[in-house]
Structures are given as C-alpha cells and as structure tokens.
Amino acid sequence: MSALVEATIDGQAVRVAPGTTIFDAARGIGITIPTVCHLPPQDPVGVCRVCVVDVGERVLAAACARPVAAGMKVVTANEKIATVRRTLIELLMADHDAPCARQKESGDCELELRAQELGARRGRYDAGPQKRPPIAGWRPADDSHPNIAVDHAACIVCDRCVRACTEVAHNFVIGRAGKGNATVITFDAGRPMGESTCVSCGECLVSCPTGALMNKGFGEARIPGTPVAAEALLAIRGPEGDRPLLDGISPKFLAKTLGPIGRNDGAVVERRFRPGEVICREGDFGSTAFYVAQGKVEVAITTPLSRVRNEPGSLRRLALRMKSLLVSEPEPDRDVTPGTTIPIDAPVDLARAHPVATLGAGDLFGEMTCLNFYPRSATVRAVEHTTLIEMLRPVLQILLRSKGFRSYLDASYRARALETHLRSIPVFAGVSDDFIEHLRPRVDLLHVAPGEIICRQGEPADSFFLVRLGFVKVAQQFAGGEVVLGYQGRGSFFGEIALLTGEPRTATCSAVDHVEVVRIGADDFHLMLERFPGVAVGLEAEAARRRERDRAQRALSSAVDVEEFLTQGLMEAQSLLLLDLDRCTRCDLCVQACASAHDGVTRLVREGLRYDKYLVATSCRQCRDPLCMVGCPVGSIRRRETLEIQIEDWCIGCGVCAENCPYGNINMHTFEVTVDDREQPGRKKAAVRQKATACDLCKNLGPDQEPSCVVACPHGAAIRVANPRDFFAQRLGR
Ligand code: CMP
C-alpha cells in the first residue's frame, strides 16, 4: 500500500490515503464544506463549484474533485471563499424558480438552504433566457410520470440525478441535452419521463437537491388496513424466497413515497382474511390491486351465465308481446363462436363451463381495476387464512416498474399464464404443448402507456400481439378522417393482417389506457402458421372478416360534408332509428312495443336530437367509435358482423358499457336470482343482479324481421335507416 498523504486543513494535520479528496478529508476531521452538486458515494463532477477552497494556488479549487496532495495547506473558509461561494449560489439562484415546490412543501431545497446559510441574495443577477433545448415537444414541466414530477425551472443541472441513474442504479435513462443556459436533463434522450424506460427506482428523486424532481404522492387516498412501511415492503421476497420482490428500488425513495410524514399512510396496507371472507365482488368499482403474500383465494363469477332473451308471444303485429327471460342456450344467430374462457383481471382466465379458479402466494390480481379504474371482473374470496398486500395505483406502478417485480411477474406469466392465455383464444386452441414451450422464452411482454401507439397504419409489420390487459384502439385513417374499427381487450389479438399479406399495417393500434400486450415476433408467427395449418386457416378467416368489416365501415364514412351531422353527433351513426314527426301522432306504440319486447323496460326513448322533421330516437346507433366497448372488465360486449352491439351472457352487470354509451342506448336490466347463502351454508337466498341490454334490432325475431318498434308504428313514422347520410341526402337534398 502506498504511503499516506500528509497535509493540513484549516491548520489541522490530516493523513489520508492517496487520491482522497479535500472534501472527504475535511469531512473526516469534522469540517463540512458546503456543496450543491456533490453527493457521496456518487463520483464528484465539480459542476457547481460551491465547495471551492483555497489551496494556495492562483484560483480556488473544487474540494469535491481535488485530491489532497502532500504538504498541501487547505483553507476551507475565509472572506474571499465566502464571497465566491455567495456569487456562485446567486448565479444558480438566478435560474432557479425560488421557492421551488420542494422548498414550499418541506423547506429543504438544498440550493435555497445554502443560499440562506451563505447570505446569498436572490435577484442580484437576472435570469437567463428561458431554457429551450433542441428537443421537439419539450416542456418546462413534465408531469407524465406516475410517481415523479419534473420541473426544469427548478433544475440547476447539477448532474446528481444523471449520476444516480447511471452510476448508482445502472439504468442509463437520464442524460443531458442542450448547451449553456439551454442545458436540461433528459430521459431517454428527449422523451417525456413517463414514456421513457425509467423503472421508477426513485434514485434520481432522492438525489435531486431541489424541487426539480418531486415525489407526486397520493393526495388524500387511503385504504383501510394495516399500513405497510417501506422496510416491510422491501423485505417481501418472491414465493420462492430467493430475492426481494422490489429489487432495484431505492429504500429512501420508497420511504419517501410511502410517507414518513404520514401523508401517504394507507397507500399500501396489509389485510388478513378468514376462510370464506369476500375480498372483492364482481361489478364493484375499486382502485386497488392485491398481492397474495400468503394463503389462497378463489376467483369466481357469480352472476348467472345467461343472456336476457325476448320470447316472442302470440300477437304478431301490434303488440309483439315478448318476455325477458334468463336463458342459457346459445344465441341462435351468433356469428362468432365464443371462446371457452372468460377473460378476467387476474393471471388466469375462467372456464366458461365452470368459472372458478384459485390463486396463491405470489399472485397479483386486480391490476386492471387498479390501473384503469374498471369494475372488478370477478368475486374473490379467501379459501384459507390469507394475507394480502393491497395497494393504490401509485404503489402498483412503483412495483410494476421495479426490475425485480417486473421480471418476477413476467416469469410467472410465461410459466403459468401464456399457455391458458393463448389457448383461450379459439383460433389458437390447437397449438401444441411443445410449440408453447418454444414460445415461452421468446415472447415479449410490453407495457404501453395510455395514448402510445403500438403499430402504425402504413408501416411494415414485424410482430403480432395478444392483449393481456387494458384496451387497444384500432383506427384507420382515410381521406375523410379517422374511423375507429374497434377496441380490443383481454383475450383479443391484432397485427395479423399485415403479417399474413406481407403488406403494410392496415390500421393504427394504440393504447386507450394502461395496456399490456404480448408480442410474438414475425418469425415465430410464421413458424406457428406453418406448423399448425388450422391456426393459419382460422387467422386468415378472421383477417378476411375484419377487412370486410373495415371496407363496409369506410364506405359508410366517405365523402362527408354535412356539418349539422357533425354537430349533432350523428356522424357516428351507421344506422339510426328515426321518427318522422310529420307522421308521428305521439301515440307511443313504438315505445310500448319496445317495452313489451323487453320485459317492460323500453330500450327506445322517443326523444332525442332533431334533424329537420326527423327525431333521432334513442336506440343503438352502431357508432363509428363504439365507446361502449371500452372498459368491459370481462370482455362480454362485442360487435356483430352486422355492426350492432351484442352483450354476451357472462355480462356481470357492472354498467360500464351503459355509462360509456354517449347516447344512453344501453340499459341495465335487473332480475332476481337464487344464490348460495354463504352465511348459512347449504341454504339458498334470493339476490338481485343486473345485466346490460342494448337495442338488438330485434334480430332474434329472424334475419329479415324489422325491429318491433318499426312494425308497431301504425303511421309509418318510425323508420330504421341504414345509411343516414344517403338517406338525408336523398330526402332533404343535402
Ligand atoms: P395489421 O394490419 O397487421 O395491423 C393493424 C391491425 O388492426 C390489423 O392487422 C388487425 O389485427 C387489426 N384490425 C384491423 N381491422 C380490425 C377490425 N375491424 N377489428 C379489430 N381489429 C382490426
């Protein structure tokens, strides 16, 4: 070992190892040198120079970066040094928005504290021109990240976050861009932080000396239960007990996020359940996810798997009496065979024949409710004594971005869910076990933020996608505007057309909310088609169906210029129920016919928008943007080939589709069922459940049958118009 270096600091003798900085040597003898940019154990960079000391040279030296030299006489404080430090701080303060958010919130902005200590006055120097780095779409404030708010106006470009991200966490997300006063920190060289590859480890946030990177907190949200402290959360190991689930997350960040101040107590809690106790019920709204720390839970759909059917009565014309019943036989004119499983918000899907599954330690459920605020897709109850960690969205997002947890979830999906997920899609049912083995390590699991594009119309294709969580919007641009072709939820797939035809993508697919997709590369996709001709035939048929439907929708949407249509929202409609007010005597027989056709609950309301002498009655308009399809937690709403909405019999009655329909055309239908009484095992009790119903154009009466409201109108005033634009163009000459 080389000899120690001897020097003096403020007259005190020091003996330090070669290479020791003046800053560290001084600290070793109890002398604190002020700094802003230096944060051991990060490597010093000497950018703020507030730590300057006098080493007897012509200029002062940065103590954080200058090693102690033999015989050096260091002075860490005198009038000259104080003046220089004050000036440096005043220059930094000129571009710092004081008081910054951190100073306002907790009074510990390091720059502002140093300014107070050194007597630096704000405003001695004018602020430089506003930062304008050469980055398209750059904004001084970036609120895109779920946990961290970025305020470039408070940033002094000290590089602490850059070093934290690079040297400490090895994530390499944060860097710098721009020159001089326009220098800023960047995420993945210029993306909004929320769209970058940031893993939310929080290292940058705990390193930032100012309010430039701030913890967003959880507001007032709290969940009842025993709050889980950061250390307890960090101590949780995966079910194999090998390594901490939250590997890679900064303990300080987590502690800060969960709130020693008490503000965030209740953002993540531990809850214990006895056998049989209900954890959450299908259809209920929620905002939390659950991690099973210990025990076992049963996930089931308890609403009967039946559909509301309208039974035709004996009077054919005026009355067309029909009664709503819950029936379980298949829809007679179904155009697509449904899969054998029901997609739910858990690592498993439920079998339609017996919609019950079990989850155990290490499973996460309720992700979709938590991330996207959809209703619970199933009822979950404890099977044995069970301990769950229940968390709010910001905590789940920290978990999902943590390398350890993410890789644990990914591995668990590959091992346990890929097979059932793939096989739950009817077209892939025939894929062999060995091919699934082949796919297991090769698929990519992608998390896509709301609004992000997954594949773009016109671009070449290299992948095929399965939707695992959330909703993907499929939209096509054409000369007359954009048409939304559909929304794909869990259990659907997209991206097959371009791979099958070798042509560019036919549509743009983007995330409506927090989406997870499974990406299968083009090579594996083609290998699968080669090995399983049945899959190829099924996919070809689905692609042809989609293309045909797209063509029909485009044809309906072309050459538009009826302005009033736009303002009245009728443009969305591909089919309207109109009442000709010149003919209508307000006898309400149409409404009565609809009501009798639907167990006393009309799906037709004789009021609505007016266009010339026509009243646009409230009934399913088969919209161009079928918003009702977004958010169904169990994927039970879909479009028929003929574009009207169909609600499948595993609807759990949560009402999201009815709420999302902008025209109020989906009704909730209540009925009584007999269910097992959990409080008194072996006994039954009556319960009220509901299911959604949409105008079905009375399709069940036969393919050529007019809707009953149209048939019932004695004056010919009620008309169903298949192409409103052509209709109005012809009748009204517009
Ligand atoms: P591809 O053309 O490769 O990329 C865009 C994808 O959107 C396309 O494959 C289909 O998977 C999907 N798509 C196109 N039309 C529809 C539709 N009508 N309904 C659902 N998905 C569609």
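Below, each value reflects all heavy atoms present in this structure, side chains not excepted, and no hydrogens, waters or symmetry copies. Note that this is a predicted model, so its numbers are computed, not measured. Both ligands and their constituent atoms are indexed starting at 1 by order of listing.
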Under 30°, 30 to 60°, or over 60°: which ring-plane class applies to Phe493 and Phe464, parallel, tilted or perpendicular?
tilted
Test item: side-chain donor near acceptor, Asp188 and Thr197, under 3.5 Å
yes
With atoms numbered from 1 as shown, which atoms in ligand 1 lie under 4.0 angstrom from a non-hydrogen atom of [X]?
X: Gln488; result: 20 (C), 21 (N)
X: Gly495; result: 1 (P), 3 (O), 4 (O), 6 (C), 8 (C), 9 (O), 10 (C), 11 (O)
X: Leu485; result: 15 (N), 17 (C), 18 (N)
X: Phe494; result: 11 (O)

Using a heavy-atom cut-off of under 4.0 Å, does the side chain or the backbone of [X] touch ligand 1, or both, or neither?
X: Thr506; answer: both
X: Cys509; answer: side chain
X: Val474; answer: side chain
X: Ala498; answer: both

Return yes or no for this condition: an N or O of Asp550 is under 3.5 Å from an N or O of ligand 1.
yes
Check this for me - ligand 1, Pro504, N or O atoms closer than 3.5 angstrom, yes or no?
no
Any Ala507 heavy atom less than 4.0 Å to ligand 1:
yes
Among the heavy atoms of Ala461, does any lie under 4.0 Å from an atom of ligand 1?
no
When you check the gap from the basic side-chain N to the acidic O, do [X] and [Y] get nearer than 4.0 Å?
X: Glu459; Y: Arg456; answer: yes
X: Asp550; Y: Arg546; answer: no
X: Asp433; Y: Arg423; answer: yes

Counting only heavy atoms from other residues, nucleotides and ligands, does the tally under 6.0 Å from CG of Asp523 exceed 12?
no
Hey, looking at atom 4 (O) of ligand 1, which of Lys473, Arg505, Glu503, Glu496 has the closest heavy atom?
Arg505
Return the set of residues passing salt bridge (charged side-chain N to carboxylate O under 4.0 Å, His left out) with Arg468 (not counting sequence neighbours), or none when no residue passes.
Glu516
Thr288: partners by side-chain hydrogen bond (donor to acceptor under 3.5 Å, both in side chains), with sequence neighbours left out
Arg376, Glu390
Can you spot which of Ile344, Thr302, Asp345 makes a side chain to side chain contact (heavy atoms under 4.5 Å, CB included) with Glu282?
Thr302
